[in-house]
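Working notes for the structure below.
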2 protein chains.
Amino acid sequence: MNNTQLQLSNQICFPIYSASRLITKAYKPYLDELGLTYPQYLVLLVLWENDGLSVNQITEKLLLNTNTLSPLLKRMEKMELLQRSRCIEDERSVIIQLTTKGKKLQKRAVPIPEKLIGELLTDQIQMEDILQLKDTLCQLISAMSNKTDHTSKA
Amino acid sequence: MNNTQLQLSNQICFPIYSASRLITKAYKPYLDELGLTYPQYLVLLVLWENDGLSVNQITEKLLLNTNTLSPLLKRMEKMELLQRSRCIEDERSVIIQLTTKGKKLQKRAVPIPEKLIGELLTDQIQMEDILQLKDTLCQLISAMSNKTDHTSKA
DNA sequence: CACGTTTATATCGTGCACGATGCAAATATA
DNA sequence: TATATTTGCATCGTGCACGATATAAACGTG
């Protein structure tokens, strides 16, 4: 059986999966300097942009579930990057707020995106390609994220 | 501080990361029927195309390390999808061979890629966009995978 | 042929992802 | 206002990913 459909080289999903892993790996040396993992960096990006969000609001922005974010946020609290506190108006909600240490980290994170882009660009890949890649991916994401909710219930 | 660079919406890596997770999730219902995870499915894609490869040869095709594949292959052996055996010429190598059960699964996997593509296509995203997406990603991957070797050594 | 080096694989520890489930606060409905 | 339902978050178990390390086989060099 020689199924063209099943050849690895013809799969669209495998390049996305591999690229995601390789890019996370490319981030690592820069994030290591800040003592962060890639998902932790994503949480900080959200909070730097908008501090004091609830756990649920962060799950919506990152398309992650609470069962991923809860332990992640606890680790970040232990690292003294942020503080978790129950919302007064709604005791179910947990509000995440940056500590001074968490806020200060932003300045050191500023140069990272530019460095990463620099590593991605080659003779073959121009900035224009990257932007188009991003555009297509975002359309894919919005098409797919409609189909799944982000609670951890089936 | 209002850093455009650090806005989540301006990151190229976040869409790749999210798309990868969402696509794996889209595969899940189909792979559940076969009792497979997405990485296990990838291993089978490789073996269906070329049975009897060594662990190292599989790591090269999937850009994964042995410390990821070793336990994964052991689980698949326990599932009776494949067999692991030391190579006779070189006792260091482990040869992976599909069992009858592993080979039979291919027939049930054939319709999966087409179904997935069907879910990705919308008014906004045509087949042409998907193919270009794949092309750019593959160039990114080849650019990045040159920078890292796939052993688990630093 | 001894011995240092490389190569192929495995093990360990940590941190995601995520389905399933639990629980308490808030809300809706009878 | 009791009770059922929904909502927000947490916990648990399993399976990746991956850096660090270990181990044995193969290889290279004197």
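The phosphate of C/dA25 (OP1 or OP2) has no side-chain N or O of A/Arg86 nearer than 4.0 angstrom. The side chain of A/Gln57 places no N or O atom within less than 4.0 Å of a non-bridging phosphate oxygen (OP1 or OP2) of D/dG8. Checking the phosphate oxygens (OP1, OP2) of C/dT9, no side-chain nitrogen or oxygen of B/Thr66 falls inside 4.0 Å.
With D/dA10, D/dC18, C/dA26 as the candidates, the nucleotide lying closest to the side chain of A/Lys25 is D/dC18. Counting only heavy atoms from C-beta on, B/Tyr17 has its side chain closest to C/dA17 among C/dA17, C/dT11, D/dG15. Considering only the side chain of B/Lys74, C/dA10 comes nearest among C/dC16, C/dA10, D/dG8. Side-chain proximity of B/Lys28 to the nucleotides D/dC9, C/dA10, C/dG19 is greatest for C/dG19. With distances taken from any side-chain atom of B/Thr37 to the nucleotides C/dA17, C/dT9, D/dC16, the minimum falls on D/dC16. Checking C/dC16, D/dC9, C/dT9 against every side-chain atom of A/Leu72, the shortest atom distance belongs to C/dC16.
The aromatic rings of A/Tyr17 and B/Tyr38 lie perpendicular to each other, with more than 60° between the two planes, well past the 30° mark. Using the six-membered ring where Trp is involved, A/Tyr27 and A/Tyr41 have ring planes that are tilted, between 30° and 60° apart.
Separating the CG atom of A/Leu69 from the P atom of C/dG15 is a distance of 15 Å, rounded to the nearest angstrom. Rounded to an integer number of Å, the gap from CD of B/Glu77 to P of C/dT9 is 14 Å. D/dC18 atom P lies 16 Å from atom OH of A/Tyr27, rounded to whole Å. In this structure, CG of A/Asn56 is placed 17 Å from P of D/dT6, rounded to the nearest angstrom. Whole-Å rounding puts the A/Asn65 CG to C/dT21 C1' distance at 14 Å. Remark: C1' of C/dG19 and CZ of B/Arg21 are 14 Å apart, rounded to the nearest angstrom. Regarding A/Glu91, its CD atom lies at a distance of 16 Å from the C1' atom of D/dA10, rounded to whole Å. Separating the CD atom of B/Glu89 from the C1' atom of C/dA8 is a distance of 15 Å, rounded to the nearest angstrom.
Within 4.0 Å (heavy atoms only), A/Thr68 reaches at least one base atom of the nucleic acid.
Positionally, the nearest nucleotide of DNA chain C for B/Val94 lies more toward the 5' end than for the other of A/Cys87 and B/Val94. In terms of position on DNA chain D, the residue among B/Asp90 and A/Ile95 whose nearest nucleotide sits closer to the 5' end is A/Ile95. Nearest-nucleotide positions on DNA chain C for A/Arg92 and B/Ser54 put B/Ser54 closer to the 5' end. With DNA chain D read from its 5' end, the first of the two nearest nucleotides for A/Val55 and B/Tyr38 is the one closest to A/Val55.
Applying side chain to side chain contact (heavy atoms under 4.5 Å, CB included) to B/Leu53 and the options B/Val43, B/Thr59, B/Val46, B/Ile96 leaves one that passes, B/Val46.
Between the base of C/dG19 and the side chain of A/Asn67 there is a donor-acceptor pair shorter than 3.5 Å.
No donor-acceptor distance shorter than 3.5 angstrom exists from the side chain of A/Arg86 to the backbone of A/Ile95, with no hydrogens or angles considered.
By the 4.5 Å heavy-atom criterion applied to side chains, A/Leu140 and B/Leu133 are counted as neighbours. With a 4.5 Å cut-off on side-chain heavy atoms, B/Leu36 and B/Leu105 count as touching.
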